[in-house]
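Because the structure is a prediction, the values reported are computed rather than measured.
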Amino acid sequence: MRPFEQIVTEYGPMVLRVCRAVLGPVDAEDAWSETFLAALKAYPRLPEDARVEAWLVTIAHRKAIDVARAGSRRPVAVAEVPEPGTASATGGADEVQEWERETELWDALKALPQRQRAAVAYHYLAGLPYREIAAITGGSTDAARRAAADGIKSLRRSCSRRTEERGEKR
């Protein structure tokens with residue numbers, strides 16, 4: 001069995017992308033940490049022939065649900081809400097534009113129904129086949145495929161609309 005450090009190094013970025021897509025940028029790191037803490041405890045019992053990616057995404061899925069539930073019960077305090085579209089003292093217009101695009105993409109992801117968001121994240125960010133997505137989320141392979149396709153279609157439509165609103169070329 002490979003050392004757990006190698007598992008974290010190899011799959012850590014993929015798990016973080018999945019957590020960000022499912023939860024958003026604020027709570028993703030908590031879910032990532034919780035995922036690897038749980039995985040560390042269970043790793044010695046993992047069968048040699050197990051698909052590590054699917055195993056980690058399954059854990060991340062459950063931890064994302066836990067983080068989302070905990071977050072919905074916790075107030076969020078902020079000293080000052082930054083104004084979108086303003087350049088910070090350390091950043092320029094390019095950073096603002098990049099921040100706006102990331103915010104728009106997250107808003108589009110957040111607007112998707114949970115099953116579509118999970119299917120898009122698990123298939124396109126984690127590279128899992130639809131059969132494994134169905135096992136993680138509960139449902140059929142065809143339902144997972146449909147959810148991912150519908151999610152991508154909605155994201156494309158949303159991003160295209162926003163690009164046109166800004167007057168940018170695609």
Discussion item. Which residues pass the side-chain hydrogen bond (donor to acceptor under 3.5 Å, both in side chains) test with Asp150, not counting sequence neighbours?
Written reply: Arg146
Discussion item. Please list all pairs meeting salt bridge (charged side-chain N to carboxylate O under 4.0 Å, His left out) that have one or both residues in residues 125-142, counting only residues at least two apart or in different chains.
Written reply: Arg51-Glu132, Asp142-Arg145
Fill in: Co-membership, hydrophobic cluster, residues Val52 and Ile133, 4.5 Å side-chain
yes
Discussion item. Let me confirm one number: the CG-CG distance from Asp66 to Leu23, rounded to the nearest 0.5 Å.
Written reply: 10.0 Å
Worksheet item: How long is the span from the CZ atom in Arg161 to the SG atom in Cys159, to the nearest 0.5 Å?
Response: 9.0 Å
N/O donor-acceptor pairs under 3.5 Å from side chains in residues 2-20, not counting sequence neighbours:
unit_1, atom_1, unit_2, atom_2, d
Arg2, NH1, Glu10, OE1, 2.6
Thr9, OG1, Glu5, O, 2.9

Side-chain donor-acceptor distances from residues 108-127 under 3.5 Å, at least two apart:
unit_1, atom_1, unit_2, atom_2, d
Gln114, OE1, Arg117, NH2, 3.4
Arg115, NH1, Thr137, O, 3.1
Arg115, NH1, Gly138, O, 2.9
Arg115, NH2, Gly138, O, 3.4
Arg117, NE, Leu109, O, 3.4
Arg117, NH1, Val22, O, 2.9
Tyr122, OH, His61, ND1, 2.5
His123, ND1, Leu128, O, 2.8
His123, NE2, Tyr130, OH, 3.3

Worksheet item: In Å, rounded to the nearest 0.5 Å, how long is the span from CH2 of Trp55 to CD1 of Ile136?
Response: 12.5 Å
Worksheet item: Leu40, Leu56: one ILVMFWY side-chain cluster at the under-4.5 Å cut-off?
Response: yes
Fill in: Contact summary for Gly24 and Trp106, nearest pair of heavy atoms
N-CH2, 3.0 Å
Worksheet item: Nearest heavy-atom pair of Lys63 and Ala31: which atoms, and what distance?
Response: CB-O, 4.0 Å
Practice prompt. State which residues pass side chain to side chain contact (heavy atoms under 4.5 Å, CB included) with Ala50; sequence neighbours excluded, sorted by chain then number.
Written response: Leu46, Pro47
